[in-house]
Amino acid sequence: MGNQQHAVRVAVVQAASVIMDREATTQKAVSLTLQAAEKGAKLVVFPEAFIPAYPRGLTFGTTVGSRSPEGRQDWLRYWENSVPVPSETTEVLGEAARKAGVYLVMGVIERDSESSGGTLYCSVLFFGPDGTLLGKHRKLKPTASERIIWGEGDGSTLPVLDTPYGKIGALICWENYMPLARAAMYAKGVQIYIAPTADARDVWQSTLRHIALEGRCFVLSCNQYVTKDMYPTDLACYHELESSPYEMCRGGSAIVGPLGEYLVEPVYGREDILIADLDLRLIASSQFDFDVVGHYARPDVFQLLVNEEKQESVTWVRHSR
């Protein structure tokens with residue numbers, strides 16, 4: 001493991017966004033990052049879409065074949081509170097990572113700043129302890145009605161980053177059901193596998209434990225705890241929440257070791273900061289009998305091709321005469 005440190009304390013932050021408010025949510029993230037650092041954490045992880053919100057329960061006025069004016073109004077509010085990368089928001093987050101001396105992994109709704117500016121992506125941003133934005137991952141395939149509000153990422157944002165505490169990378173929510181996406185992470189040597197999510201079901205836990213066993217890695221899964229009274233009542237489509245339960249997302253964040261055992265069991269029903277000390281030597285010992293991309297692989301039978309080229313949103317074709 002070279003100069004890699006054998007142990008690291010990590011923090012998984014289970015908290016709610018200040019829904020639809022980028023600045024307030026960013027300040028909450030800064031405060032929680034500093035709290036985690038005070039507990040000794042060197043890696044701090046936040047949930048999917050933390051800034052400015054995972055808009056659970058909202059349709060943005062969409063039905064097949066139509067969109068409502070009220071839905072467009074809520075969409076504009078969501079877009080206005082999204083996060084360009086880079087931006088003042090990323091500078092604030094980077095400064096929080098620097099002040100705390102941590103690697104910070106933050107779920108955001110990223111506003112396209114490369115072409116039209118009109119598309120949003122569900123992204124994870126990685127910051128180093130010097131405040132540098134080290135990389136990002138855009139969700140490859142938004143799930144179900146998420147496809148109405150988010151675009152698709154491509155293979156150019158699948159980083160696995162070297163740190164003194166091991167190699168870290170992330171797949172978001174149901175991307176973790178994509179076997180080839182997981183295989184790409186394993187092939188890059190991921191050791192601390194981060195799974196920000198909006199899935200609070202009991203069966204999600206079986207996915208986390210399977211990934212830990214399959215990848216022989218630590219798995220940090222991070223979800224929000226959200227209640228209906230956290231939603232701003234001046235949303236144009238607020239009435240859509242009338243039939244929703246009070247507890248909109250119950251949490252379920254957890255930390256799993258490389259043999260599939262919980263280091264921190266899932267936490268439900270409250271905001272919390274989950275803390276665990278990871279012994280990176282457990283990865284090597286767990287690989288004694290199974291190494292998914294090593295002695296248990298069969299490259300003579302199976303091969304994985306990952307296209308990591310950036311895909312342009314528009315391809316211009318010049319016709320010659």
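For clarity, every value in this text was computed on a predicted model and none was experimentally measured.
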- Item | Selection residues 100-121 - residue pairs positive for salt bridge (charged side-chain N to carboxylate O under 4.0 Å, His left out), sequence neighbours left out | E110-K136, E110-R138, E114-K136, E114-R138, E114-K310

- Message: Suppose the criterion is salt bridge (charged side-chain N to carboxylate O under 4.0 Å, His left out): which pairs have a residue in residues 179-193, not counting sequence neighbours?
- Response: R182-E214, K188-E308

- Task: Assess the side chains of E175 and H137: does a donor N or O sit below 3.5 Å from an acceptor N or O?
- Result: yes

- Query: Got a sec, which hydrophobics cluster with V30, joining ILVMFWY side chains under 4.5 Å apart, including via others?
  - Reply: L34, V92

- Check P196 against V124 and note the closest heavy-atom contact, atom names and distance. CG-CG2, 3.9 Å

May I have the list of side-chain donor-acceptor pairs in residues 39-46 shorter than 3.5 Å, sequence neighbours left out?
none

- Query: Judged by atom type as modelled, is there a donor-acceptor pair below 3.5 Å linking the side chain of Q311 to the main-chain atoms of E309?
  - Reply: yes

- Item | Residues which pass ring pair (Phe, Tyr, Trp, His ring centres under 6.0 Å) with F60, listed by chain and number, not counting sequence neighbours | Y78

- Sequence neighbours left out, what pairs pass side-chain hydrogen bond (donor to acceptor under 3.5 Å, both in side chains) with at least one residue falling in residues 243-254? Q14-S253, D202-R250, Y225-E247, D229-Y246

- Could you tell me whether E146 and K139 have a side-chain N and a carboxylate O separated by less than 4.0 Å? yes

- Query: With the threshold set at 4.0 Å, does a side-chain nitrogen-carboxylate oxygen contact exist between K28 and D21?
  - Reply: no

- Hits for side-chain hydrogen bond (donor to acceptor under 3.5 Å, both in side chains) against S17, two or more places apart or cross-chain, chain-then-number order -> Q224

- Value for SG (C217) from CD1 (I211), rounded to nearest 0.5 Å, stands at 7.5 Å

- Got L125 and V105 here, is their nearest side-chain heavy-atom distance under 4.5 Å? no

- What closest approach, in Å, do P159 and M185 show between heavy atoms, and which atom pair accounts for it? O-CE, 4.4 Å

- Query: Among the clusters formed by ILVMFWY side chains lying less than 4.5 Å apart, do L220 and L158 turn up in the same one?
  - Reply: no

- Are W174 and T197 close enough that a side-chain donor and a side-chain acceptor fall under 3.5 Å? no

- D272 side-chain N/O to L274 backbone N/O, donor-acceptor pair under 3.5 Å: no

- Rounded to the nearest 0.5 angstrom, the CG-CG distance for L140 and L180 is 11.0 Å

- L213: which other cluster members, linking ILVMFWY side chains closer than 4.5 Å, directly or transitively? none

- Task: Could you tell me whether the side chains of E152 and Y121 share a donor-acceptor contact shorter than 3.5 Å?
- Result: no

- Query: What distance separates T132 OG1 from L134 CG, expressed to the nearest 0.5 Å?
  - Reply: 6.0 Å

- Side-chain heavy atoms under 4.5 angstrom apart, residues restricted to Ile, Leu, Val, Met, Phe, Trp, Tyr: same cluster for I172 and L133? no

- Task: Show your working on side chain to side chain contact (heavy atoms under 4.5 Å, CB included) between N176 and W204 and close with a plain yes or no.
- Result: CA-CA 10 Å; N176 291 287; W204 174 249; 3.9 Å; yes

- Selection residues 51-69 - residue pairs positive for salt bridge (charged side-chain N to carboxylate O under 4.0 Å, His left out), sequence neighbours left out: none

- Message: Any donor-acceptor pair under 3.5 Å linking the side-chain atoms of E70 with those of Y238?
- Response: no

- Message: Under 3.5 Å, is there a donor on one side chain and an acceptor on the other for S66 and T63?
- Response: yes

- Heavy-atom closest pair, residues C222 and V13: SG-O, 2.9 Å

- Item | Where at least one partner belongs to residues 230-244, residue pairs that pass salt bridge (charged side-chain N to carboxylate O under 4.0 Å, His left out), sequence neighbours excluded | R77-D234

- Item | Worked verdict on D199 versus R201 for side chain to side chain contact (heavy atoms under 4.5 Å, CB included) | CA-CA 6 Å; D199 194 336; R201 299 171 304 155; 2.7 Å; yes

- Item | Residues Q27 and S31: side-chain donor-acceptor under 3.5 angstrom | no

- Message: Test of understanding: with ring pair (Phe, Tyr, Trp, His ring centres under 6.0 Å), list the residues that count as partners of Y296, not counting sequence neighbours.
- Response: F290

- Message: Please report the interatomic distance OG1(T33) to CG(L104), rounded to the nearest 0.5 Å.
- Response: 4.5 Å

- Charged N to carboxylate O below 4.0 Å: is that the case for R9 and D277? yes

- Query: Can you tell me if CD on E95 sees more than 12 non-hydrogen neighbours from other groups inside 6.0 Å?
  - Reply: yes

- Task: Determine whether Y262 and Q205 make a side-chain contact, defined as any pair of heavy atoms from C-beta on separated by less than 4.5 Å.
- Result: yes

- Query: Nearest heavy-atom pair of T25 and P52: which atoms, and what distance?
  - Reply: OG1-O, 4.0 Å

- For the pair K167 (side chain) and I192 (backbone), establish whether a donor and an acceptor sit closer than 3.5 Å, ignoring hydrogens and angles. no

- Query: What distance separates I283 CD1 from L280 CG, expressed to the nearest 0.5 Å?
  - Reply: 5.0 Å

- Examine distances only and state if a side-chain atom of H6 and a backbone atom of L278 form a donor-acceptor pair shorter than 3.5 Å. no

- Task: Of all the heavy-atom pairs spanning A97 and G128, show the shortest one and how long it is.
- Result: CB-O, 3.6 Å

- Is the backbone of A7 close enough, under 3.5 Å, to the side chain of D279 for a donor and an acceptor to pair up by distance? no

- Task: With rounding to the nearest 0.5 Å, note down the distance linking OG in S286 to CZ in R281.
- Result: 13.5 Å

- Ignoring hydrogens and geometry, is there a side-chain-to-backbone donor-acceptor pair from N81 to R22 under 3.5 Å? yes

- What pairs with R72 under salt bridge (Lys or Arg N to Asp or Glu O under 4.0 Å), at least two apart in sequence or on another chain? none

